[in-house]
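The block underneath contains the structure these notes are about, expressed in structure tokens.
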Amino acid sequence: MIRYIRWCAYFCALLLAALLVNVARVQVWEAAAYGANPANKRPAIERYAEPRGDILVDGRPVTGSRDSGQLLRYERTYANGPLYAPVTGFSSQTYGTSLLERAEDALLAGTDPGLSAFPLWYDLARGRPSGGNVETTVRAGAQRAAYAGLAGRRGAAVALEPATGRILALVSSPSYDPAALSGTGGPVKAAWARLNADPARPMLNRALRETYPPGSTFKIVTAAAALDTGVVSDVDAPTQTPDPYPLPGTSTLLPNAGTGCQDASMAEAVQWSCNTVMAKIGVRVGLRAMVDAARRFGFNEEGLRVPAWVSRSNFDTDMSPDQLALSSIGQFNTRATPLQMAMVAAAVANGGELKYPYLVERTTQDDGDPVRRGQQRALGRAMSPATALRLQEMMVQVVESGTGPGAAIPGAVVGGKTGTAQHGVGNAGTPYAWFIGWAKAEDAPLPGVAVAVVVEDAEARRGDISGNGAAAPIARAVMEAVLSAPAKR
Amino acid sequence: MTALTAEVAEPAPPPPPDGSAPTRRGVELMLLAGAVLICVLGHLYVGLATTGRTPEPVGPYAAGLAGAALLAHLAVRLRAPYADPLVLPIAVLLNGLGLVLIQRLDATTPAQLTAGGQLRWSALGVALFVLVVVALRDHRVLQRYAYLSVAAALALMLVPVFFPAVNGAHIWIRFAGLSFQPGEFAKILLAVFFASYLAANRTALALTGRRLFWKLRLLPGRVLGPILAIWLLSVGLLVLERDLGTSLLFFGLFVIMLFTATGRIGWIAIGLLLAAVGAYAVGTFEPHVHSRVEDWLNPFASIERGEGPGQLAQSLFAFAAGGLLGSGLGHGQSFLIGFAAKSDFILATAGEELGLVGITAILLLYGLLVHRGFRAGLALRDPFGRLLATGLASIVALQVFVIAGGVTGLIPLTGMAMPFLAQGGSSVVTNWVIVALLVRLGDSARRPRPAGAEAAA
């Protein structure tokens, strides 16, 4: 019997060996595959187990975290959701993240290796550091002014600090409350469906992701190209331009919105927004030089990140002279994001030097220790300093005695350019009202703010005047807010 | 239980005072202290990990565990001084670890706190352990109660038929707020019966019968009949009750003990053949079992159907999440497994939070316990004792294999309780009685023979 007991024992040993081999298979060989299974909730549970770091505006958090008591525990709250939605984006257990919440997700969620001086410690302790905070460059006053100015109309406003590239305001309207997308469950799904079905597209970030025909505001780029290439050397010299202007190679006549554009100088053409003069100048500058100039301002640039990605602004590289003429006044296929046009204004204000726009001033650990500082980077030189100076003078004329008096700020030097962009089939759509500009406090050496505003459904007469009527007051309010509340940094 | 408390024969004379055979009770005490320490530290760790502070009942918990261990140790020291010093510490460690894991899972399911109940059942188990070790002076007494045992076993298995089914199985007795699974206890009684019957009829079983072909002989019905009938009765009853894990266990126990008693490979072959046919039939025609086989073959089918992961998939996720070192007690998410996380799937929590290292340690503890059982069987001199030790060790081994293999996807899942680890009162109590019997058998095996017997041998 002894022998058979031994055999039984060997059999049990065999069973034990089979168990051990199988457990090792599951826990070592196949662990990665099981861990990556989309039905495995563990990564999501871990991700939301700790409160998320906050996004700060003017040093105060505009986000928060709420303990939901659910499996995916901490849900995002937003202090002033619709106002800052174009900056923060949303962070949702159901639909993921967008914008800054997405771009800085690793830091906010606490998985960024920069949050810990000793990442190995957290591996050993099986924990992870608390989520870090993201301090934005946005100024609450400017943001509020832009948001209030748009007042729910479709459009966007962007303000930049020309010398650094800081984004001081980033508003898209109409907006939405990202808090409605936090968490899980029926209300979140309903909110998502409602927001996506809304014809006003409140979740579209018009400031960064929507491109519009820039209309007359693009004339600043054309003028810069003309001055830099020497096509125009004296801005006050009359140009032999008929009114209307026949587009080269066609019988189409390009009209002006106002009168007094016949043979006007370039300065007058900017001041009164003469289509004819600027179209002709664009044709004289030529396709290659116009493309180069547009590119120096940031057009046709893929991969701009602020750090959320920005749509590419377009200036066609292969056009006939008549198409080039239209493109030179911001029509045809020319399209720009509001951020792009703010960059155009900022380049002029900054003496021709274009800074890379950025939204994150610095990131910190939750106790305030810095992790990374926002990099001020040059994007390149958009034009010569002399050209910038002359453009500044011309833009001041626009506000002081041209099409853009609505942007004037008492006690400050303001330059600007209005625009009205035709769009739709046969230009049937309500035109977009544009204003780009910059402002300099009287005692300041450099303009402190550059701005671009677009209002989609401007209920105004067709013509450049709508840029002044609809967009310029918003731009003025934003610039005033920046100038009256100097940065505390 | 009547058998256990019955009048027993004069106990063996006390061991010779010269210490020719070391009792190793000191080793047992030290191991027990280590086991209690591990469990108390685990208890503390779970409290700190889940609530961030020291758990409140740490003092009573530690005192209770240490007291129970000490009590059991004293019973062994007084009444089974030559018992194997590993058996009791392993039982205490596994039971304590189970309590830690249940306490940990309680933290995530505050609506169903079960650690307290499990603690009370464990205390009852230890009390029964003491009772058996103290009252049962000689295991051979049990041999006399073979038919009483089997009658009691069948009665215990029959009773739940009259109680409502729980989770599809008629294996529970619910009475006055308590639920008990009598089938658990029946397996000890059945092992006693098999051991007793086979020990008595082993010669006939091994040597008689008409030869069919080659070495295979048809056993005489007179000898095989009763045992086959009882086995068929019990397995059939369990199939009716849909307690397929236990019926599988009884099947394996029967084959193993029959093989040990007769040494005939043919029995193994026939047993395996019958098991295969039975398993195939049940797996094909029984919807409950059929779905489990399907789950085993494709644990992620429910995910592909868009219904989310099933229990087995969640269990595999938990094991995978543990990896080599585990997430640490209290840091896992094995509560995702659902309602059976504390009972059938408790090993998944161990796998996730203690890792491959921890699960290997636990399986080796079981292996060691089984090994000590077989060792007692080898050292014992009476056939009944040998068979009983083999049977009890096999019960533990089979049960561990079936449940651990089930939750790790090695074999189809069958509802059984991991000895000592899983939440379930009847299981804990039963296993403490098994351990008590192993202690008793080990004591008999290692006890120095009286001088007279030595001379006679």
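These numbers were taken from a predicted model, which means no experiment stands behind them. Residue numbering restarts at 1 for every chain, and letters A, B, ... go by the order of the sequence lines.
Residue A:N22 touches chain B through its side chain alone, counting heavy-atom pairs closer than 4.5 Å. Both the backbone and the side chain of A:I5 come within less than 4.5 Å of a heavy atom in chain B. Of the atoms belonging to B:I303, it is side-chain heavy atoms, and not backbone ones, that fall under 4.5 Å from chain A. Residue contact with chain B, scored on non-hydrogen atoms closer than 4.5 Å, is absent for A:A32. Looking at B:V400, both its backbone and its side chain come within 4.5 Å of chain A, counting heavy atoms on both sides. At a 4.5 Å heavy-atom cutoff, the contact between A:V26 and chain B is made by backbone and side-chain atoms alike. Using a 4.5 Å cut-off between heavy atoms, B:Y366 does not touch chain A at all. Proximity to chain B is limited to the side chain of A:R25, based on heavy atoms less than 4.5 angstrom apart. B:A318 touches chain A through backbone and side chain together, each having a heavy atom under 4.5 Å away. Heavy atoms closer than 4.5 Å to chain B are found in the side chain of A:W7, but not in its backbone.
Of all non-hydrogen atoms in B:A397 and A:C12, the two that sit nearest each other are CB-SG, 3.5 Å. Pairing each heavy atom of A:C8 with each of B:I256, the nearest pair is SG-CG2, 3.6 Å. Nearest heavy atoms, B:F319 versus A:Q27: O-NE2, 2.8 Å.
Heavy-atom pairs under 4.5 Å with chain B were tallied for A:I45, A:L71, A:V21; the largest tally goes to A:I45. Taking chain B as the reference chain and counting heavy-atom pairs below 4.5 Å, the highest number among A:R3, A:R6, A:E46 is found for A:R6. In terms of heavy-atom pairs under 4.5 Å with chain A, the best-connected choice from B:G322, B:G377, B:G355 is B:G355. Between chain A and the residues B:V370, B:L324, B:I359, the most heavy-atom pairs under 4.5 angstrom are made by B:I359.
More than 12 heavy atoms of other residues, nucleotides or ligands lie within 6.0 Å of OH in A:Y95, so this atom counts as buried by the packing criterion. Within a 6.0 Å radius of CZ in A:R372, more than 12 heavy atoms belonging to other residues, nucleotides or ligands are found.
The aromatic rings of A:Y34 and B:F300 sit perpendicular to each other, their planes meeting at more than 60°, with 30° as the lower class boundary.
Shown are B:T390, B:T260, B:L198; of these, the side chain to side chain contact (heavy atoms under 4.5 Å, CB included) with A:M1 is made only by B:T260.
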Evaluate the side chain to side chain contact (heavy atoms under 4.5 Å, CB included) criterion for residues A:L20 and B:L363: first the C-alpha distance (whole Å), next the side-chain angles of each, then the deciding distance (0.1 Å), finally the verdict. CA-CA 8 Å; A:L20 289 174; B:L363 290 177; 3.6 Å; yes
Taking it one step at a time, do B:L398 and A:L15 satisfy side chain to side chain contact (heavy atoms under 4.5 Å, CB included)? CA-CA 8 Å; B:L398 286 176; A:L15 294 184; 4.2 Å; yes
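Between the CZ atom of A:F11 and the CZ atom of B:F374 there is a distance of 9.5 Å, given to the nearest 0.5 Å.
Side-chain contact check for A:N37 versus B:L316: every heavy-atom pair is 4.5 Å or farther apart.
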